[in-house]
Amino acid sequence: MQICTKHNCRLVNSAVIAKSEQTFTLCPAESFVIKQKPTIETDPLKITFAKYMTDVFNAPMDLKKDIPISAALYHGMRNTKYMKSTGKTRYTKQLAEDMKAYYTRLNLSSIASMYQIQRVLLGDRFDFSVVCQIVFYLTVNINDLTNPTLTAVQIEQEQNNHYMKDRTPIDWAVYDAETAPILEQVAKSIYNGSASETGRPERVSEKMIYRELELPKHRLEVMPKCRAIMERYNETYEENWARRIVWAYNKLKSKNEPFYWSDIRRLTGVKKKNIEAIIPYIRKHAKEETADAIIVLVK
């Protein structure tokens, strides 16, 4: 969400790191928020979407009702061009393409992909943002989503459709080819630090890739193109720590102010006890003069 629904002002990023694994010190938000004149959002559709998400989040729910969200979405698609009148076929690709075009016009920062939409419609995932994007685009009433009144027969209809969809075989060669360029971009941004809020280079792990691309576990095992990309970015923890140290050193040096190992430690999270194993990689990723200066500093 990019808008404050109380004042309609646009939200901006601060320098406070949101991810806990990148935070090594306590950073009070009040100390990092830069004073600036707020920008008020005037696009009525953007404001409506932001308020819709807020209303969904705050809507009361009857937790005693055991109705899958996939069933609510299934019946929300009825009588739309994205489902046959029989209810046995859903045109997910067309829905994903239309949603992408729609939310691109809204400048949404993270638009649901076809894979994410499929997983939600099949009941495999429950991503709040993806669900809201689907129901808002389909103009589903909030109460029909958060407090659906579906009969056992209606729920069974969705389950039968769910079962049929699960039986549809996936062309892994095509999926691998389509996913490879996306994985390359994600892996590169993680490796060089552009994916990080601080710019710090990270180690490209399978766990991180599965999370970022929202892939089911072990899927990379049957995707050779993607596996080749993962192997290209593979590195030890020691090598990644070395790249972090080189990055931090260059970042601090560019400020033309005195700095110490504690400053590098704060930016990298690397402990001094591991330095002997890291030194060879520092020489690999830094010029000789820079590597020598770093080694003197850490020792």
Side-chain angles (χ1 to χ4, degrees), residues 1 49 52-53 56-57 61 66-78 80-84 87-104 108-138 140 142 144-146 148 150 154-187 190 195 205-223 225-227 230:
M1 188 181 297
F49 178 59
Y52 186 91
M53 291 185 69
V56 170
F57 187 85
M61 299 181 66
D66 189 18
I67 300 178
I69 193 168
S70 56
L73 293 174
Y74 173 82
H75 288 281
M77 291 180 68
R78 300 299 294 261
T80 71
K81 65 178 182 179
Y82 304 109
M83 182 182 290
K84 275 191 174 182
K88 293 184 178 180
T89 302
R90 286 180 283 192
Y91 303 108
T92 311
K93 183 179 180 181
Q94 185 62 53
L95 174 63
E97 291 174 351
D98 290 350
M99 283 177 56
K100 182 178 181 180
Y102 181 80
Y103 287 112
T104 297
L108 197 65
S109 59
S110 181
I111 300 174
S113 66
M114 185 174 75
Y115 176 79
Q116 290 173 314
I117 294 171
Q118 284 178 329
R119 294 298 94 195
V120 168
L121 294 179
L122 291 175
D124 293 338
R125 298 190 66 87
F126 312 98
D127 186 279
F128 178 76
S129 175
V130 176
V131 172
C132 285
Q133 288 180 51
I134 295 172
V135 293
F136 181 77
Y137 178 74
L138 294 176
V140 175
I142 291 177
D144 291 337
L145 174 70
T146 60
L150 300 176
Q154 289 176 311
I155 295 173
E156 187 177 359
Q157 284 179 329
E158 186 275 331
Q159 293 297 315
N160 290 337
N161 180 269
H162 182 176
Y163 178 69
M164 292 171 62
K165 286 288 184 180
D166 274 348
R167 291 182 58 190
T168 304
I170 298 176
D171 189 329
W172 287 108
V174 172
Y175 188 67
D176 185 25
E178 292 177 347
T179 306
I182 301 174
L183 190 150
E184 174 73 43
Q185 184 179 7
V186 172
I190 293 172
S205 66
E206 285 196 7
K207 181 180 179 180
M208 188 176 292
I209 291 298
Y210 278 121
R211 183 181 66 203
E212 292 294 327
L213 298 186
E214 296 194 345
L215 292 172
K217 291 183 179 179
H218 308 299
R219 284 293 187 265
L220 290 176
E221 296 173 6
V222 292
M223 301 168 70
K225 292 182 184 296
C226 291
R227 286 291 330 160
M230 290 297 298

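Being a predicted model, the structure only gives us computed values, none of them experimental.
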Hey, mind stepping through Leu121 and Arg90 against side chain to side chain contact (heavy atoms under 4.5 Å, CB included) and telling me if it holds? CA-CA 10 Å; Leu121 294 179; Arg90 286 180 283 192; 3.9 Å; yes
Verdict with reasoning, Asp66 to Ile155, per side chain to side chain contact (heavy atoms under 4.5 Å, CB included): CA-CA 10 Å; Asp66 189 18; Ile155 295 173; over 6 Å; no
Could you walk me through whether Met230 and Leu183 pass the side chain to side chain contact (heavy atoms under 4.5 Å, CB included) test, one step at a time? CA-CA 9 Å; Met230 290 297 298; Leu183 190 150; 4.2 Å; yes
Checking side chain to side chain contact (heavy atoms under 4.5 Å, CB included) for the pair Leu95/Leu138: CA distance, chi angles, key distance, verdict? CA-CA 9 Å; Leu95 174 63; Leu138 294 176; 4.1 Å; yes
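Closest non-hydrogen pair, Leu122 versus Ser70, comes out as C-CB, 4.3 Å. Shown here for Ser129 and Ser110, the closest heavy-atom pair between the two residues is OG-O, 4.4 Å. Smallest separation of non-hydrogen atoms from Val186 and Glu212: CG1-CB, 4.0 Å. Heavy atoms only, all atoms of each residue included: Ile117 and Ala112 are closest at CG1-CB, 4.0 Å. Among all heavy-atom pairs drawn from Ala195 and Ile190, the shortest one is CB-N, 3.9 Å. Heavy atoms only, all atoms of each residue included: Ala71 and Ile67 are closest at CB-CG2, 4.4 Å.
Taking CZ of Arg78 as the reference point, atom CD of Glu158 lies at 11.0 Å (rounded to 0.5 Å). We find the CD1-OG1 distance between Ile209 and Thr179 to be 11.5 Å, quoted to the nearest 0.5 Å. Atom CD1 in Ile134 sits 8.0 Å away from atom CE in Met77 (nearest 0.5 Å). Atoms CH2 and CD, on Trp172 and Glu221 in that order, are 10.5 Å from each other to the nearest 0.5 Å. Here Lys93 contributes atom NZ and Gln118 contributes atom CD; the two are 11.0 Å apart, rounded to the nearest 0.5 Å. How far CE of Met99 is from OG of Ser113: 9.5 Å, rounded to the nearest 0.5 Å.
A perpendicular orientation is assigned to the rings of Phe57 and Phe128, their planes being inclined by more than 60° (bins at 30° and 60°). In this structure, Tyr103 and Phe49 have tilted ring planes: the angle between them lies in the 30° to 60° band. Between Tyr102 and Phe136, the ring planes lie tilted relative to each other; the angle falls in the 30° to 60° range.
In this structure, Arg227 pairs ionically with Glu206, as a charged nitrogen and a carboxylate oxygen lie closer than 4.0 Å.
Heavy atoms from other residues, nucleotides or ligands lying under 6.0 Å from CD of Glu97 number more than 12. Sparse packing is recorded around CD of Gln185, with 12 or fewer heavy atoms of other residues, nucleotides or ligands lying under 6.0 Å away.
A 4.5 Å side-chain heavy-atom check between Gln133 and Ile111 finds at least one atom pair inside the cut-off. The shortest distance between side-chain heavy atoms of Asp127 and Gln116 does not fall below 4.5 Å. Using a 4.5 Å cut-off on side-chain heavy atoms (C-beta onward), Lys81 and Asp98 make contact.
Formation of a donor-acceptor pair under 3.5 Å by the His75 side chain with backbone atoms of Gln154 is found in this model. Using modelled atom types, no side-chain atom of Tyr175 and backbone atom of Met223 make a donor-acceptor pair closer than 3.5 Å. Looking only at distances, a side-chain donor or acceptor of Asp176 sits under 3.5 Å from a matching main-chain atom of Cys226.
With sequence neighbours excluded, the residues satisfying side chain to side chain contact (heavy atoms under 4.5 Å, CB included) with Phe126 are Ile69.
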